[in-house]
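What you see below is based on every heavy atom in this structure, not just the backbone, and it leaves out hydrogens, waters and symmetry mates. We name chains A, B, ... by the order of the sequence lines, and we start the count at 1 in each one.
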Protein chains: 2
Amino acid sequence: MDVSTKPRPAAPARPSARERILAAAGDIAHEVGPANMSLDAVAARAGVSKGGLLYHFPAKAQLLEALIVDHLRHFEQELGDHRNEKGGLANILRSYLDVSMVDCARKAPPASGVLAAIVQHPEMMAPITRFKRQMLDRLKADAGEESTALILFLAMEGMRSMKLFNADILSAEETGRAVEALCDLIDSTRRPANPA
Amino acid sequence: MDVSTKPRPAAPARPSARERILAAAGDIAHEVGPANMSLDAVAARAGVSKGGLLYHFPAKAQLLEALIVDHLRHFEQELGDHRNEKGGLANILRSYLDVSMVDCARKAPPASGVLAAIVQHPEMMAPITRFKRQMLDRLKADAGEESTALILFLAMEGMRSMKLFNADILSAEETGRAVEALCDLIDSTRRPANPA
DNA sequence: TTTACTGTACCGTCTGGACGGTAATGTCAA
DNA sequence: TTGACATTACCGTCCAGACGGTACAGTAAA
């Protein structure tokens with residue numbers, strides 16, 4: 001009953017302004033289109049003044065870059081978590097597939113933020129391209145056959161792009177069957193677990 | 001020697017203003033980023049005054065829409081041509097694969113125009129989504145196994161998205177091997193040619 | 001006369017971002 | 001203990017420039 005235990009009456013344990021801004025940027029980009037994301041709108045959505053926003057991100061480009069960095073780090077994090085859960089036994093192909101699909105099942109906003117960054121500053125695609133190239137190399141290293149890694153990678157890029165554009169083309173059933181087929185592909189070309 | 005045979009001294013058989021504008025839009029979108037495509041820049045690149053541009057496309061949204069319609073019609077056209085070349089014998093899966101890959105091998109600008117449209121007016125994604133859904137249905141109808149159609153579709157979406165973002169992730173060799181693998185997949189699950 | 005533009009001038013709106021506050025919270029010497 | 005200053009984390013306003021779009025007078029070919 002005593003409200004005084006919570007010094008701040010509203011918003012218990014509210015995320016930091018920075019996090020709120022990043023999340024708001026994704027939301028706004030998703031709502032008005034990635035090309036039309038204005039700082040005013042982001043600030044308002046984040047519950048921050050424009051001055052406050054510019055304190056955390058002195059230029060729009062820096063906000064956009066943060067969106068990308070965040071996204072990449074988040075994916076890498078989830079990939080690591082997934083592999084640890086499986087005790088490091090699962091091969092990367094499967095982890096990559098699972099994490100990508102979980103990512104795609106999420107709400108669109110975060111991806112829209114990344115899209116906003118890319119279309120406003122095409123050069124920001126570079127770190128993403130690098131990241132994906134490394135990802136592909138990791139897949140190739142662990143795949144029994146190169147073609148398996150390539151097809152899996154391409155299929156996941158396809159999934160991701162459909163999510164990025166909010167294009168719900170595949171039904172849930174089709175998505176499930178596609179994943180199943182990719183699993184079969186991975187397993188059928190799996191190389192001998194350990195040469196020892 | 002007589003220049004008077006060509007009434008216009010410069011640019012022999014120059015494409016129509018409309019076509020030039022559409023092409024210029026793609027170029028500009030590619031150069032400055034799909035979000036930063038301004039009408040002034042497009043008009044200048046197309047060698048048309050701003051008034052001239054607005055004569056053909058009274059609003060920016062109409063230019064963007066034309067970019068999408070053009071792109072879709074162009075793809076459909078190429079698909080038809082490809083099938084006719086093969087005397088209608090090639091199954092759609094192969095035609096779709098070939099045409100998609102040719103499309104991806106082209107210079108990026110046209111795709112950037114489409115991207116510009118989508119990110120500025122997300123609702124313009126709808127016709128593209130519809131088109132792709134129909135494409136997928138056609139693939140499914142002709143595939144021996146649904147999973148083949150799904151994987152091929154996803155992989156091509158992946159290819160297309162990498163092109164869209166100018167991300168040259170796969171080497172030419174990898175691309176070739178991926179296509180080969182997809183061909184094998186199509187052939188290995190081909191259903192009996194004709195039940196008659 | 002119509003079509004297909006050119007060229008210029010202009011308007012209102014939006015946007016990024018610069019800037020000058022300010023309140024709260026340290027930090028530290030006297 | 002206190003006053004002086006520094007730092008952090010913002011707020012709110014203002015402005016120059018860019019952009020989409022309008023208006024309109026002119027022109028050259030069909």
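Counting heavy atoms from C-beta outward, L154(A) and E157(B) have side chains that stay 4.5 Å or more apart. Between L139(B) and T148(B), every side-chain heavy-atom pair lies at or beyond the 4.5 Å cut-off. Between F131(A) and E76(A) the shortest side-chain heavy-atom distance falls below 4.5 Å.
At least one donor-acceptor pair closer than 3.5 Å links the side chain of N36(A) to the backbone N or O of Q120(B).
OP1 or OP2 of dC10(D) lies within a sub-4.0 Å distance of a side-chain N or O belonging to H56(A). OP1 and OP2 of dC5(C) both lie 4.0 Å or more from every side-chain N or O belonging to Y55(B).
Separating the CD1 atom of I21(A) from the C1' atom of dC11(D) is a distance of 13 Å, rounded to the nearest angstrom. F57(B) has its CZ atom 15 Å from the P atom of dG20(D), to the nearest Å.
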Can you name the atoms? Protein N/O to nucleotides 15-19 of chain C N/O, anything below 3.5 Å, with the distance.
residue, atom, partner, partner atom, Å
dG16(C), OP1, K60(A), NZ, 2.5
dG16(C), OP2, L39(A), N, 2.9
dG16(C), N7, K50(A), NZ, 2.6
dG17(C), OP2, K60(A), N, 2.8
dG17(C), N7, K50(A), NZ, 2.9
dG17(C), O6, K50(A), NZ, 2.8

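Stacking of R160(A) on the aromatic ring of F75(A) is recorded, both the 6.0 Å distance cut-off and the 45° axial limit being met.
Taken to the nearest 0.5 Å, the CG atom of L150(B) stands 5.5 Å off from the CG atom of L170(A).
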